[in-house]
Structures are given as structure tokens and as C-alpha cells.
Peer 1: 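Before I ask anything, let me first share the structure, which is written out below as C-alpha cells.
The structure displayed is predicted, hence computed values, not measured ones.
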Amino acid sequence: MKKLLFIATVLFTVLSFSSCKEDDPVPMIWEFSDYDREAVSAVYAPDFVNQVAIAAPSEYSGDITLKCTNYPQITLNANNADGTFKSAEAGFTVIKVDDNTLKITFEPIPATGEKEIYDVVSADGKNGKETGITNISVGRVKK
């Protein structure tokens with residue numbers, strides 16, 4: 001009985017060590033383009049829950065394009081029947097431009113004062129059998 005318990009323990013330990021990092025999904029990698037770098041802050045940090053953080057002042061009107069470089073097929077998790085994500089409170093809309101590109105369009109909103117307004121959008125990536133997910137935090141902040 002002790003031999004069987006010992007063998008089971010060794011087998012469990014070997015399996016535990018061999019299945020660590022290889023099973024983790026590959027983070028989605030994003031590039032930003034076509035935006036006013038003076039007005040819009042865009043950060044990619046794959047180690048955080050909201051891997052992409054974008055912020056613009058409440059009076060800003062314009063776009064930013066996000067392209068996923070390692071997943072050729074992405075899906076925007078929309079909140080509208082037309083396939084877009086719209087946040088009326090934070091004043092932005094996200095559309096899928098092509099297979100791996102999203103575009104965020106900002107519309108001016110009433111001044112946020114001392115309060116900052118954020119909303120979170122998510123996108124799923126697919127590359128063969130590999131899948132990934134990104135949370136995109138989009139905010140309107142005081143300038």
C-alpha cells in the first residue's frame with residue numbers, strides 16, 4: 001500500500017511540474033496607430049488584468065486604431081446588435097475594422113471634473129487552436 005501511495009505521489013508531482021507555463025494562453029499583443037499622441041494615452045501591459053489601457057480627456061474627439069499582431073482572427077465582444085461596443089457614459093464606440101484590427105472613436109462628453117470615467121471592452125483572439133483574450137480599459141480623464 002505504501003508503494004502505491006509513493007508512486008501516486010511521484011506521478012502527481014511530475015504531472016504538476018510538467019503542466020505549468022506551457023498551458024497558459026499566449027497574451028494578445030497590440031500595436032496602436034492613427035491617434036493624437038498628445039491627447040490620448042495608450043499603454044499595453046500584458047501582465048495586468050486590463051492589458052490595454054487607453055485614456056483621453058472628456059473634450060477629446062478622435063480615433064485610435066488597435067491591431068493585434070499575434071492572433072490573425074479577433075472577435076470584439078460587442079454590446080450592440082450591429083457588432084459594436086458603445087459606452088454612452090464614457091463617450092466612445094469600438095468597431096472591428098478587419099480580422100485583427102479594432103478602432104475606438106471618441107466623442108466629446110461633459111467635463112468629468114475630478115471624477116474619471118472608465119469602461120472595459122474585451123476581445124478574443126484565435127490563431128489555429130490557440131485562443132487568447134484581452135481586456136481593454138477605456139477612460140475619460142481630467143486633462
Side-chain angles (χ1 to χ4, degrees), residues 4-143:
L4 185 57
L5 183 60
F6 177 74
I7 292 172
T9 303
V10 170
L11 183 60
F12 178 73
T13 304
V14 169
L15 288 174
S16 295
F17 285 120
S18 67
S19 66
C20 289
K21 281 288 183 192
E22 292 178 18
D23 293 341
D24 290 348
V26 176
M28 296 173 75
I29 299 173
W30 295 92
E31 291 180 350
F32 310 114
S33 62
D34 303 326
Y35 71 103
D36 181 349
R37 295 174 196 280
E38 297 290 321
V40 178
S41 166
V43 178
Y44 167 69
D47 295 337
F48 292 96
V49 173
N50 293 327
Q51 294 103 344
V52 175
I54 298 171
S58 57
E59 68 276 1
Y60 180 71
S61 177
D63 303 318
I64 181 170
T65 302
L66 291 78
K67 181 175 183 172
C68 182
T69 62
N70 64 332
Y71 283 90
Q73 185 64 42
I74 62 171
T75 302
L76 171 64
N77 295 315
N79 64 357
N80 287 308
D82 64 358
T84 65
F85 183 95
K86 185 167 179 77
S87 175
E89 183 181 18
F92 70 88
T93 302
V94 184
I95 63 168
K96 184 175 171 182
V97 176
D98 61 31
D99 288 343
N100 64 342
T101 306
L102 301 175
K103 181 176 166 182
I104 300 174
T105 301
F106 292 97
E107 300 167 7
I109 60 171
T112 60
E114 295 299 317
K115 179 180 148 191
E116 297 179 343
I117 302 170
Y118 288 93
D119 209 339
V120 177
V121 182
S122 66
D124 300 321
K126 188 162 176 68
N127 187 0
K129 291 184 179 182
E130 288 277 329
T131 59
I133 187 167
T134 291
N135 293 319
I136 304 166
S137 171
V138 182
R140 301 309 283 270
V141 296
K142 183 176 180 182
K143 196 171 187 181

Peer 1: Search all heavy atoms of Asp99 against all heavy atoms of Pro72 and return the closest pair with its distance.
Peer 2: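 Closest heavy-atom pair between Asp99 and Pro72: CB-O, 3.3 Å.
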Peer 1: Rounded to the nearest 0.5 Å, how far apart are CG of Asn80 and OG1 of Thr93?
Peer 2: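 Between atom CG of Asn80 and atom OG1 of Thr93 there are 8.0 Å.
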Peer 1: Give a yes or no answer on whether the side chain of Asp36 reaches the backbone of Glu38 with a donor-acceptor pair at less than 3.5 Å.
Peer 2: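 The answer is yes, because a donor-acceptor pair under 3.5 Å joins these two groups.
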Peer 1: So, do Val40 and Ile54 sit near enough that their side-chain heavy atoms are less than 4.5 Å apart?
Peer 2: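 Val40 reaches Ile54 side chain to side chain.
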Peer 1: Closer than 3.5 angstrom, by distance alone: can the side chain of Arg140 be matched with the main-chain N or O of Ile117 as a donor-acceptor pair?
Peer 2: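 Absent.
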Peer 1: Could you tell me which non-hydrogen atom of Ile64 sits nearest to which non-hydrogen atom of Ala42, and how far apart they are?
Peer 2: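 That closest heavy-atom pairing would be CD1-CB, 3.7 Å.
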Peer 1: Applying side-chain contact (heavy atoms from CB on, under 4.5 Å) to Leu102 and Leu76, what does each step give before you reach the verdict?
Peer 2: CA-CA 8 Å; Leu102 301 175; Leu76 171 64; 4.1 Å; yes
Peer 1: Do the side-chain N and O atoms of Asp124 and Thr75 include a donor-acceptor pair separated by under 3.5 angstrom?
Peer 2: no
Peer 1: Enter the distance from Ile29:CD1 to Asn70:CG here, rounded to the nearest 0.5 Å.
Peer 2: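 Rounded to the nearest 0.5 Å, the CD1-CG separation comes out at 4.0 Å.
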Peer 1: Quick one: which residue pairs count as a side-chain hydrogen bond (donor to acceptor under 3.5 Å, both in side chains) with a foot in residues 39-48, not counting sequence neighbours?
Peer 2: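 Residue pairs with at least one partner in residues 39-48: there are none.
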Peer 1: Name all pairs fulfilling the ring-ring contact (aromatic ring centres under 6.0 Å, His included) condition that reach into residues 61-89, sequence neighbours left out, sorted by first residue then second.
Peer 2: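 Checked against ring-ring contact (aromatic ring centres under 6.0 Å, His included) - neighbours excluded - no pair reaches residues 61-89.
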Peer 1: Which pairs, with at least one residue in residues 89-109 and sequence neighbours excluded, count as a ring-ring contact (aromatic ring centres under 6.0 Å, His included)?
Peer 2: Tyr60-Phe106
Peer 1: Report the residues that fulfil salt bridge (charged side-chain N to carboxylate O under 4.0 Å, His left out) with Glu107, sequence neighbours left out, ordered by chain and then residue number.
Peer 2: Lys86
Peer 1: Would you name the heavy atoms of Asn77 and Ser122 that are closest together and state the gap between them?
Peer 2: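 The answer is ND2-OG, 2.7 Å.
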Peer 1: What are the two closest non-hydrogen atoms of Thr101 and Ile74, and how far apart are they?
Peer 2: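 That closest heavy-atom pairing would be N-CD1, 3.7 Å.
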Peer 1: Can you tell me which residue among Gln73, Met28, Glu31 is in a side-chain contact (heavy atoms from CB on, under 4.5 Å) with Cys68?
Peer 2: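 Exactly one candidate clears the test, Met28.
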Peer 1: Looking only at heavy atoms, what is the nearest atom pair of Ser58 and Ala111, with distance?
Peer 2: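 Scanning both residues completely, I find the closest heavy atoms to be OG-CA, 3.5 Å.
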Peer 1: For Lys103, which residues count as a salt bridge (charged side-chain N to carboxylate O under 4.0 Å, His left out) partner, sequence neighbours excluded?
Peer 2: Asp63
Peer 1: Is there side-chain contact between Leu66 and Ile136, with heavy atoms separated by less than 4.5 Å?
Peer 2: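 Yes. Closest side-chain heavy atoms under 4.5 Å.
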Peer 1: Can you list every side-chain hydrogen bond (donor to acceptor under 3.5 Å, both in side chains) pair that touches residues 126-136, not counting sequence neighbours?
Peer 2: Trp30-Thr134
Peer 1: So does Lys96 have more than 12 non-hydrogen atoms from other groups sitting under 6.0 Å from NZ?
Peer 2: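 Yes, the 6.0 Å shell around NZ holds more than 12 heavy atoms from other groups.
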Peer 1: Which value, rounded to the nearest 0.5 Å, describes the distance between Glu89 atom CD and Ile109 atom CD1?
Peer 2: 8.0 Å
Peer 1: Less than 4.5 Å apart, any side-chain heavy atom of Val52 and any of Val43?
Peer 2: no
Peer 1: Could you tell me whether the side chain of Asp119 reaches within less than 4.5 Å of the side chain of Val138, counting heavy atoms only?
Peer 2: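 No - every pair of side-chain heavy atoms lies 4.5 Å or more apart.
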